[in-house]
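Side chains are part of it too, since the values below use all heavy atoms of this structure and drop only hydrogens, waters and symmetry mates. Numbering of residues begins at 1 and proceeds along the displayed sequence.
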Amino acid sequence: RLVLASSVAALMAGAVPASAKGKLTVYTYESFTAEWGPGPIVEKAFEAECSCDVEFVSVADGVALLNRVRLEGASGKADVVLGLDTNLTKEAVDTGLFASHGLSPTDLAVPGGWADTTFLPFDYGYFAVVYDSEVLKTPPASLKDLVEGDPEDKIVIQDPRTSTPGLGLVLWVKSVYGDKAGEAWGKLKDRVLTVTPGWSEAYGLFTKGEAPMVLSYTTSPAYHVIAEKSDRYKAAAFSEGHYMQIEVAGMTKKGTENPLSARFLAFMTGPAFQDAIPETNWMFPAAKTSEPLDPAFDALVKPAKSLLFSPDEVAANRKAWVEEWMTAMSR
């Protein structure tokens with residue numbers, strides 16, 4: 001399915017020489033670089049095109065990724081940082097460590113369009129409560145149902161201090177409950193089996209049967225249908241809507257000294273990269289693919305409403321909203 005788009009990537013990268021050699025260091029999250037993730041496919045395809053060496057350096061999840069970049073500062077080794085989302089982009093820009101990508105991709109397919117000059121999207125999706133239909137016969141039909149439901153029916157969630165899905169749930173609750181979000185967390189905490197650092201640990205506990213629900217994505221059931229031929233795991237459709245996540249990559253100021261950085265970002269929005277996203281990262285591609293998505297994606301939950309705070313709103317309130325979560329969960 002992977003079709004190398006060399007000419008497109010070179011055109012988008014402008015002055016980036018097609019014969020560039022060397023090494024590119026990309027910081028990302030663990031599930032991207034896992035053997036079942038898109039990392040190995042992307043690495044092989046880009047290295048074949050650029051005759052270069054791609055080194056992925058991974059951390060647990062997206063928020064941990066920003067924390068590492070911020071901690072390392074100007075001494076960091078990343079040329080490209082891949083795996084932040086729009087809930088973190090304002091804070092990332094404010095570090096002063098990122099540079100403009102200078103690209104104008106024409107095939108992006110992100111809901112609402114895209115105009116960010118620092119970051120480019122590589123996929124998007126919607127957070128959802130995924131449940132085991134063989135264990136939970138009546139799944140929650142709303143966030144209110146989840147908050148006020150039977151505490152015996154547990155859910156595994158992720159930590160918003162390290163994980164973008166964990167932060168996404170905080171924002172989802174805040175977007176629905178507003179000033180009463182703290183009260184909602186106070187009710188929901190009795191249903192939380194455990195809080196994991198990242199998505200991989202949480203989903204692993206869920207599929208091992210530790211809990212009948214997990215915070216994941218509307219697209220997660222597609223994996224089980226396509227790879228396992230099973231419709232056991234399903235996403236619950238919430239009447240208030242679902243919070244959207246757009247994952248992005250950006251070039252560091254250090255990366256501007258490496259011509260492979262811009263070339264990789266251009267490659268990222270082409271089919272050689274985008275074709276790998278649906279059935280390895282299990283998200284929607286952010287740009288055109290060379291082939292239609294598997295029909296399993298057509299059967300997924302379609303959010304009644306898409307919820308999303310602006311990057312500026314999240315940057316201004318993230319600390320307070322996460323502290324609200326921590327206070328409620330520790331009582």
Side-chain angles (χ1 to χ4, degrees), residues 29-39 41 60-62 83 85 87 111 122-136 139-143 145-146 153-160 163-169 171-172 191-238 241-247 274 276-286 289 293-304 306-307:
Y29 51 76
E30 288 178 352
S31 62
F32 190 91
T33 59
E35 62 179 19
W36 42 263
I41 296 173
D61 215 320
D85 66 15
N87 297 318
F122 64 90
D123 68 18
Y124 74 94
Y126 300 90
F127 294 116
V129 170
V130 174
Y131 67 97
D132 184 341
S133 65
E134 294 184 4
V135 177
L136 193 64
S142 65
L143 197 59
D145 283 352
L146 178 69
D153 293 329
K154 301 295 186 181
I155 184 172
V156 181
I157 65 173
Q158 300 85 16
D159 193 324
S163 164
T164 52
L167 177 59
L169 182 58
L171 301 177
W172 194 358
R191 300 196 77 174
V192 176
L193 176 70
T194 191
V195 179
T196 64
W199 176 88
S200 296
E201 303 95 325
Y203 209 79
L205 289 172
F206 167 68
T207 54
K208 289 177 182 176
E210 296 296 323
M213 295 182 289
V214 64
L215 174 65
S216 193
Y217 297 88
T218 61
T219 44
S220 297
Y223 163 77
H224 301 285
V225 172
I226 295 171
E228 300 177 344
K229 310 302 180 186
S230 171
D231 61 357
R232 173 176 177 175
Y233 302 110
K234 303 177 183 294
F238 279 10
H242 292 249
Y243 198 89
M244 182 166 67
Q245 180 183 46
I246 303 172
E247 294 194 294
Q274 290 294 306
I277 289 298
E279 295 183 27
T280 58
N281 223 33
W282 302 99
M283 296 279 274
F284 292 110
T289 56
L293 300 188
D294 188 282
F297 283 85
D298 294 331
L300 299 174
V301 164
K302 295 175 176 58
S306 179
L307 307 171

Shortest non-hydrogen contact between [X] and [Y], atoms and distance:
X: D145; Y: S142; result: N-OG, 3.0 Å
X: A222; Y: L300; result: N-CD2, 4.0 Å
X: G37; Y: T280; result: C-CB, 3.6 Å
X: P278; Y: L293; result: CG-CD2, 3.4 Å
X: A211; Y: K154; result: CB-O, 3.7 Å
X: A235; Y: P221; result: N-CG, 3.6 Å

Donor + acceptor pair across side chains of Y223, N281 (<3.5 Å): no

Side chains of [X] and [Y] in contact at under 4.5 Å (non-hydrogen atoms):
X: P139; Y: F238; result: no
X: M213; Y: P140; result: yes
X: I155; Y: V129; result: yes
X: T194; Y: E210; result: no
X: P303; Y: Y126; result: yes
X: L205; Y: T196; result: yes
X: E279; Y: I226; result: yes

Aromatic contact, [X] with [Y] (centres under 6.0 Å):
X: W199; Y: Y29; answer: no
X: F127; Y: Y217; answer: yes
X: F206; Y: Y233; answer: yes

What's the spacing between [X] [atom1] and [Y] [atom2] if we round to 0.5 Å?
X: F122; Y: E247; atom1: CZ; atom2: CD; result: 4.0 Å
X: H224; Y: T207; atom1: NE2; atom2: OG1; result: 7.0 Å
X: Y203; Y: S31; atom1: OH; atom2: OG; result: 12.5 Å
X: I157; Y: S163; atom1: CD1; atom2: OG; result: 9.5 Å
X: T218; Y: M283; atom1: OG1; atom2: CE; result: 8.5 Å
X: W172; Y: L167; atom1: CH2; atom2: CG; result: 13.5 Å

Classify the angle between the aromatic ring planes of W282 and F297 as parallel (below 30°), tilted (30 to 60°) or perpendicular (above 60°).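 It falls in the parallel class, under 30°.
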
Within the side chain of E228, is there an N or O that forms a donor-acceptor pair under 3.5 Å with the backbone of V225?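 Absent.
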
So, does Q158 use its side chain to make a donor-acceptor pair with the main chain of T164 at under 3.5 Å?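 No; zero donor-acceptor contacts below 3.5 Å.
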
Kindly indicate, with the supporting measurements, whether the criterion side chain to side chain contact (heavy atoms under 4.5 Å, CB included) is fulfilled by D153 and R191. CA-CA 6 Å; D153 293 329; R191 300 196 77 174; 3.2 Å; yes

Taking everything shown except K208 itself, do over 12 heavy atoms lie less than 6.0 Å from its NZ? no

Going by salt bridge (charged side-chain N to carboxylate O under 4.0 Å, His left out), name the residues that satisfy it together with E134, two or more places apart in sequence or in a different chain. R232

Set out, in order, the CA-CA distance, both residues' side-chain angles and the distance that settles side chain to side chain contact (heavy atoms under 4.5 Å, CB included) for Q245 and Y124, then state yes or no. CA-CA 6 Å; Q245 180 183 46; Y124 74 94; over 6 Å; no

Working note: I246 + D85, criterion side chain to side chain contact (heavy atoms under 4.5 Å, CB included); need CA distance, chi angles, decisive distance, verdict. CA-CA 5 Å; I246 303 172; D85 66 15; 5.8 Å; no

